[in-house]
Amino acid sequence: MKNLELKIMLRFSKNTNERVLILYICPSSTMKMKFIKKANILQLIILILVLNSCKKKTELKPVSVNLQEEILPKMKPLSNEVPKLTAEYVNSKKGAIEAFYKKNWPNNSLNGGFLVAKNGYIIFEKYEGYSNFRKKTLITADTPLHLASVGKVITATAVLKLINAKKIDLDQKVNTILKEFPYPEVTIRTLLNHRSGMRSYSYFTDKKDIWDRHKILTNQDILNLMATKDIGLESKTDTRFAYCNTNYAILALIIEKITGLTYKEAMKQMIFDPLGMKNTFVMDYEKDRKTVAPSYKGNRVEIGMDFLDAVYGDKNIYSTPRDLLKFDRARSSSKFLEPELLSQVYTGYSNEHKGLRNYGLGIRMTQWKTGQTLYYHNGWWHGNTSSYVTLRNENVTIISLSNKFSRNPYNIRKLSALFGDYPFKLDKDEKEE
C-alpha cells in the first residue's frame, strides 16, 4: 500500500435499500483512510481483502482514465484508401468534371469552393472569387464559408454519436432532457427526421407580440417562447414531414445539456479537432460576426446579419470543402456508428406520399424505383448556398460552397452519374434547396 491513498464511499440505494461500498485507490504521499460510519461487517471484510491484495503487489501502476472520452464520444478519422487512384482513372473523370464546372459556373462565377474526391483522394477542386468583396479577400482552400443547412448533417452526427454511446436514446422524449419543452410526444428521432410537427422559429418570432425583432434571438429564447407563448404544433407529431429549422435548434440545446458544454465547444471537441478540421468552427455571434465571410446577393450586394443569426444547430457552422471531405470520410468509417443505428440513419421516414425524395436522420435522399439511392444535403441562408453529396457505395464526395447567392451549387448532385448508376442528366438544372 505504499504511496497509495484509499478512499471509501458508501452509497445508499433508495430503490433496493442496499448499501453500496465504493473504493477509490490513487497515488498519494501518505496513506489516509476514512471509514464511513455504520459500515457493516461484510464491508470491512471486503476492505481487508483489498488491503491484503495490495500488500502482495510490489508495485501498482496508476491506471490512466480519460474521463472526457467517457463523457464525449468523438469522431475518428478515416485514412485514404489504398491503392491510390490511378492517373488513368483521375484523367477519365477530371475532364468531364471540369466541363461541368465551366458550364455550371461560366466566367469563374462560383465565388466559393468546389471539390470532387473518391476514396479520400481529390480528383478536382476549384476556389475562386472573394470572401469579402470590399476588402478583396480571395477565397482559398482554407477559407471558411457558411454551410447553412449542410451544418444540420454535422449537428445530427454529434447527436448520433451521443446515441451510439448510450448517453441518450433515439426515441427518448425531448421533455425528459429539456424539462420546459412543451410537446410531450416529440422525440429525438422526430427532431432528426423533421417529423416533430413544430413550427419554424423564423415564422413565429416574426410576430410583434411574440418577439421584438430588435433583440437577438438565441436557442434558449426559442425554447422559452415555445414553453410560455402557447405556440402550438403545426401538425401532430410524426404524422408528416415538414422541414423545420426549429428541430435542429433544439437538438443543439440537447447536445449542450448532455455534454455540459456549449454547442460550439462540444462540436469542436467531438468532431472538428479529432478530424483535423482546422478551418471549421461554429460562429459565436458576439465575437465572430464582424470577422466571418459575409454573404452577398447575386449582384454582389452584401446581405447583413439579422436577429436570427445567433441561432445555431440548424446553421452557423463555417467550413471548407477539404474539411468536409475529412468529415465525410469519418462518417464512412466502420467506427462511426453501430450497424443497427447506422442503418436507421439512411432510412427514409416520410412515406405518406410516394415520391423520389425522402429524409433520414439528418440526411436528404433521392430514392429511385431501380433501388439506387442518392444521399445529400443542401443549404441556403442569406446569400450562402451549399451542397454536400456523399455516394456511399462509390466512396465519392462532392461539395460546393458559395457566399454569393446562386442555385447552381445544387446542381452538383448530377455529377453522381459519372461514378454510378444515378439517372441524372448533366444539362438539367436542379431547383430544390
Handout entry: For Y422, ring pair (Phe, Tyr, Trp, His ring centres under 6.0 Å) partners two or more places apart
Key =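 Listed in chain order: nothing, the list is empty.
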How long is the straight-line distance from [atom2] of [Y] back to [atom1] of [X], given to the nearest 0.5 Å?
X    : Y    : atom1 : atom2 : value
L415 : F124 : CG    : CZ    : 10.0 Å
I168 : K257 : CD1   : NZ    : 13.0 Å
L253 : I177 : CG    : CD1   : 11.0 Å
L324 : M277 : CG    : CE    : 5.5 Å
I122 : L115 : CD1   : CG    : 4.5 Å
L72  : I271 : CG    : CD1   : 11.0 Å

Distance-only polar pair, side chains of [X] and [Y], donor-acceptor under 3.5 Å:
X    : Y    : result
H146 : N316 : yes
S149 : Y243 : yes
Q220 : E180 : yes
Y376 : S416 : no
D328 : Y388 : yes
D323 : N279 : no
R357 : Q367 : no
Y318 : D288 : no
Q344 : E340 : no
S350 : R195 : yes
R331 : T157 : yes
T190 : D238 : no
W211 : D206 : no
Q269 : D273 : no
N247 : S196 : yes

Ignoring hydrogens and angles, write down the donor-acceptor pairs under 3.5 Å from the side chains of residues 88-100, residues two or more places apart or on other chains.
residue	atom	partner	partner atom	Å
N91	ND2	A87	O	3.1
S92	OG	Y89	O	2.5
K93	NZ	L418	O	2.6

Closest non-hydrogen atom pair between [X] and [Y], with its separation:
X    : Y    : value
N403 : A293 : ND2-CB, 4.3 Å
Y127 : G113 : CD2-CA, 3.5 Å
I188 : L170 : CB-O, 3.4 Å
T155 : G313 : OG1-O, 2.7 Å
T228 : N224 : OG1-O, 2.7 Å
K173 : T187 : CD-CG2, 3.9 Å

When you measure from the side chain of [X] to the backbone N and O of [Y], does any donor-acceptor pair fall under 3.5 Å?
X    : Y    : value
N111 : Y130 : yes
K152 : D314 : yes
T246 : R199 : yes
S386 : L147 : yes
N358 : M365 : no
T385 : S406 : yes
N219 : Y312 : yes

Problem - Aromatic centroids of F133 and Y296 separated by under 6.0 Å - result: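 Ring centres of F133 and Y296 closer than 6.0 Å.
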Problem - Between Y203 and Y201, ring centroids under 6.0 Å - result: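 Centroid separation for Y203 and Y201: 6.0 Å or greater.
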Practice task
Report yes if the side chains of L191 and V174 come closer than 4.5 Å at any heavy-atom pair, otherwise no.
Solution key: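 Yes, side chains in contact.
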Practice task
Could you tell me which residues satisfy side chain to side chain contact (heavy atoms under 4.5 Å, CB included) with S295, sequence neighbours excluded, listed by chain and number?
Solution key: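 With neighbours one apart ignored, the set is I303, H382, N384.
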Handout entry: All side chain to side chain contact (heavy atoms under 4.5 Å, CB included) counterparts of K84, not counting sequence neighbours
Key =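 Counting only residues at least two positions away or on another chain, K84 forms a side chain to side chain contact (heavy atoms under 4.5 Å, CB included) with Y121.
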Handout entry: Of all pairs that satisfy ring-ring contact (aromatic ring centres under 6.0 Å, His included), the ones with a partner from residues 355-374, not counting sequence neighbours
Key =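 For residues 355-374: H194-Y359, F241-Y359, Y359-H377, W368-F424.
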Exercise for the section: Cation-pi check, R392 to Y346: give yes when NZ or CZ is under 6.0 Å from the six-membered ring centre and within 45° of the ring axis, no otherwise. Expected result: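 Yes, R392 and Y346 form such a contact.
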Handout entry: Lys/Arg cation over aromatic W105: K102, 6.0 Å, 45° cone
Key =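 The answer is no; the distance or angle limit is not met.
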Exercise for the section: For the pair F281 and V292, evaluate side chain to side chain contact (heavy atoms under 4.5 Å, CB included) and give the outcome as yes or no after the intermediate values. Expected result: CA-CA 10 Å; F281 60 92; V292 295; 3.9 Å; yes
Practice task
Decide if atom CG of N107 counts as having more than 12 heavy atoms of other residues, nucleotides or ligands within a radius under 6.0 Å.
Solution key: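 Not more than 12 within 6.0 Å, no.
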Exercise for the section: Please indicate whether D212 has more than 12 foreign heavy atoms, meaning atoms of other residues, nucleotides or ligands, lying under 6.0 Å from its CG. Expected result: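 Counting neighbours around CG of D212, more than 12 heavy atoms of other residues, nucleotides or ligands fall under 6.0 Å, so yes.
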Problem - side chain to side chain contact (heavy atoms under 4.5 Å, CB included) assessment of K161 paired with M75 - result: CA-CA 8 Å; K161 291 297 289 184; M75 293 289 282; 3.8 Å; yes
Practice task
Output every pair passing salt bridge (Lys or Arg N to Asp or Glu O under 4.0 Å) with a member in residues 289-299, not counting sequence neighbours, ordered by first then second residue.
Solution key: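 Only E286-R289 qualify under salt bridge (Lys or Arg N to Asp or Glu O under 4.0 Å).
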Exercise for the section: For a side-chain contact (heavy atoms from CB on, under 4.5 Å) with T205, tell me which candidate from V311, I231, L225 qualifies. Expected result: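 Checked V311, I231, L225 against T205; only one passes side-chain contact (heavy atoms from CB on, under 4.5 Å): L225.
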Practice task
Walk me through it: do K118 and E394 pass the test salt bridge (charged side-chain N to carboxylate O under 4.0 Å, His left out)?
Solution key: CA-CA 8 Å; K118 180 176 173 64; E394 295 80 13; over 6 Å; no
Practice task
Check the pair E185, K236 against salt bridge (charged side-chain N to carboxylate O under 4.0 Å, His left out), reporting the backbone distance first and the verdict last.
Solution key: CA-CA 9 Å; E185 299 305 314; K236 185 178 179 181; over 6 Å; no
Practice task
Applying ring pair (Phe, Tyr, Trp, His ring centres under 6.0 Å), run through Y410 and W380 and close with a yes or a no.
Solution key: CA-CA 10 Å; Y410 309 147; W380 176 10; 7.4 Å; no
